[in-house]
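First the structure, in the form of structure tokens, and then the observations on it.
The sequence lines fix the lettering, A, B, ..., with proteins before strands; numbering per chain opens at 1.
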Amino acid sequence: MQHETMTPHQAFFAVMLFNFGSSLIMGINTKLIQQSWMAMLLGALLAVPLFLMYARILTLFPGKDLFEIARELFGRIGGKVIAVLFTWYSIHLAALVIRDFSEFTEITALPETPQLPIMILLMLTSVYLARSDARAIGKWSVIMVFVILLVIFLTFTLSIDEVSLDDIFPLFEYSPAQVAQASFEVFSFPYAESVVFLCLGGAFAKKTKPYKTFLLALLAIHLVFWLVFLRNITLLGPAMMETHFFSSFAAVRIVAVGNFAARIEGSVSSNFLLSGIAKIAVCLLAGAKGLASLFGLKSHKTMVLPAGMLALALCNILYQSFMESIAFLEYYAYYAFPFQVFIPLAVFIAGEIRSRRQASGEQSIGNAPQSPEPST
Amino acid sequence: MWFFLTIFLFLSVIPIDYFTLVKKVSTWEKAVYFSLMLASFSILVLHSLSVPVPSPTDAIISVLDALLHINK
């Protein structure tokens, strides 16, 4: 069992890499253009209580995943309902990321290549990683976060000459309602998608401190997103940023240092690939655990490939075109809200009530008058 | 072409998965495994033959529009 759990460091990097997912390449909410920094900040602040709630659930039920917790709190039927919902959400999320990646590849690099082979390759790689279990995802995350940070640092440094700081102004152009809407979208994608880690509860090593892991990861993710946003807006400018779907790719495309360092946008594509694989693998692992819980199977490992195949089938029928996927982003925050907030909140409240009842029960036993020693 | 790619994909991954993992598990687990594989195979084959398969995205958008009037 030990080799199947993530160490605390690996868990921290896995949460980071999962959040990078498709967000690094899609650029974090650009509807507010220059003011996206504010939406990102508010989105991260909204995510703080949510991450604390996720951490509390994992602390209340150490070594258990969401499916086991739900069965324990809500009984067999309630547990199955939550298993169905979260299995669907995990597999659907994996399908969305696979589709994002295949669309990105088709638009930016391989316009003549059909998407199916790209989807198959990505799905098989992620299935292999998920089948190797959580520790393998943890190790992958540690290495890849450093690779991604190095690429971001390099692109940032190489682009210094091209940067135009005037592009970040005006700082407060949009109305509070627009900022609130954008913050809600950033909160939902990518921060609150970390709810999938509740399904891998048993994959965290016992010495992992969920509060520290989640909050430090949130801080690190937010800083990286800010850096990426700053790079993109100062390189592209507001007008260009608004028209590009993949703002990071477009921004790095214009970076050139003399004749020897040009066309380095491939490095950004690799970022997307490396973090995308981790995100899909985490979703597939969560989906496999959900399927195993739903059908009462002993091991989730046999369910990883079926979960991957379902995600592959799903990502083919999700949209007719890339524009449809952009249109769905408007709905995503509302669609994901019950999975990201309502269900964990119900689990959190039920878990708190149960733990308090247990604590008061233990206390009353401790305070009960001692029965006299039987005389011999 | 996509039809044959789909068949090739399933014919190559199922034997590998079967002999490394699925062979050792119970009959119930095998039944669940093959049912799920059959479901995804059916969707992929229908899609590769250009048979329209209903998209869950449309259903999600319809429900959310009806409940929350997001784009109205």
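- Residue contact with chain B, scored on non-hydrogen atoms closer than 4.5 Å, involves the side chain of A/Ile120 exclusively.
- Residue contact with chain B, scored on non-hydrogen atoms closer than 4.5 Å, involves the backbone and the side chain of A/Met309 alike.
- Between A/Trp88 and B/Pro56 the shortest side-chain heavy-atom distance falls below 4.5 Å.
- Annotation: the span from A/Thr302 atom OG1 to B/Tyr18 atom OH amounts to 12.5 Å, rounded to 0.5 Å.
- For a residue to count as touching a neighbouring chain, one of its non-hydrogen atoms must lie under 4.5 Å from one of that chain's; by this rule B/Pro52 does not touch chain A.
- Pairs engaging residues 288-329 of chain A under the ring pair (Phe, Tyr, Trp, His ring centres under 6.0 Å) rule: A/Phe245-A/Phe322, A/Phe246-A/Phe322 [sequence neighbours left out].
- Most heavy-atom pairs under 4.5 Å with chain B: of the set A/Lys298, A/Arg131, A/His92, A/Met303, this distinction falls to A/Arg131.
- Comparing B/Val22, B/Leu21, B/Val63, B/Ile43 by how many heavy-atom pairs each has under 4.5 Å with chain A, the most go to B/Leu21.
- Taken from OG1 in B/Thr6 to CG in A/Asn316, the straight-line distance is 8.0 Å, to the nearest 0.5 Å.
- Interatomic distance, CG of A/Leu124 versus CG of B/Leu9, reported as 6.0 Å (0.5 Å rounding).
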Would B/Asp65 and A/Tyr331 satisfy side-chain contact (heavy atoms from CB on, under 4.5 Å), going step by step from the backbone distance to the final call?
CA-CA 9 Å; B/Asp65 267 338; A/Tyr331 293 86; 3.0 Å; yes

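- The OG atom of B/Ser40 lies 4.5 Å from the CG atom of A/Leu310; values are rounded to the nearest 0.5 Å.
- Contact count against chain B (heavy-atom pairs under 4.5 Å) is highest for A/Glu330 among A/Gln320, A/Glu324, A/Glu330.
- Interface remark: B/Thr20 contributes side-chain atoms only to the contact with chain A (heavy atom separation under 4.5 Å).
- The candidate with the highest count of non-hydrogen atom pairs below 4.5 Å against chain B, out of A/Ser325, A/Pro114, A/Ala313, A/Ala327, is A/Ala313.
- Counting heavy-atom pairs closer than 4.5 Å to chain A, the top residue among B/Val53, B/Ile14, B/Ile60, B/Leu5 is B/Ile60.
- Atom-to-atom distance recorded for B/Leu36:CG and A/Ile91:CD1 is 8.0 Å, nearest 0.5 angstrom.
- When the candidates B/Leu67, B/Val13, B/Val25 are compared by the number of heavy-atom contacts under 4.5 Å with chain A, B/Val13 comes out ahead.
- To the nearest 0.5 Å, atoms OH (B/Tyr33) and CG (A/Leu305) are separated by 4.5 Å.
- The contact between A/Leu312 and chain B is made by backbone and side chain atoms together, counting heavy-atom distances below 4.5 Å.
- Heavy atoms from other residues, nucleotides or ligands lying under 6.0 Å from NZ of A/Lys80 number more than 12.
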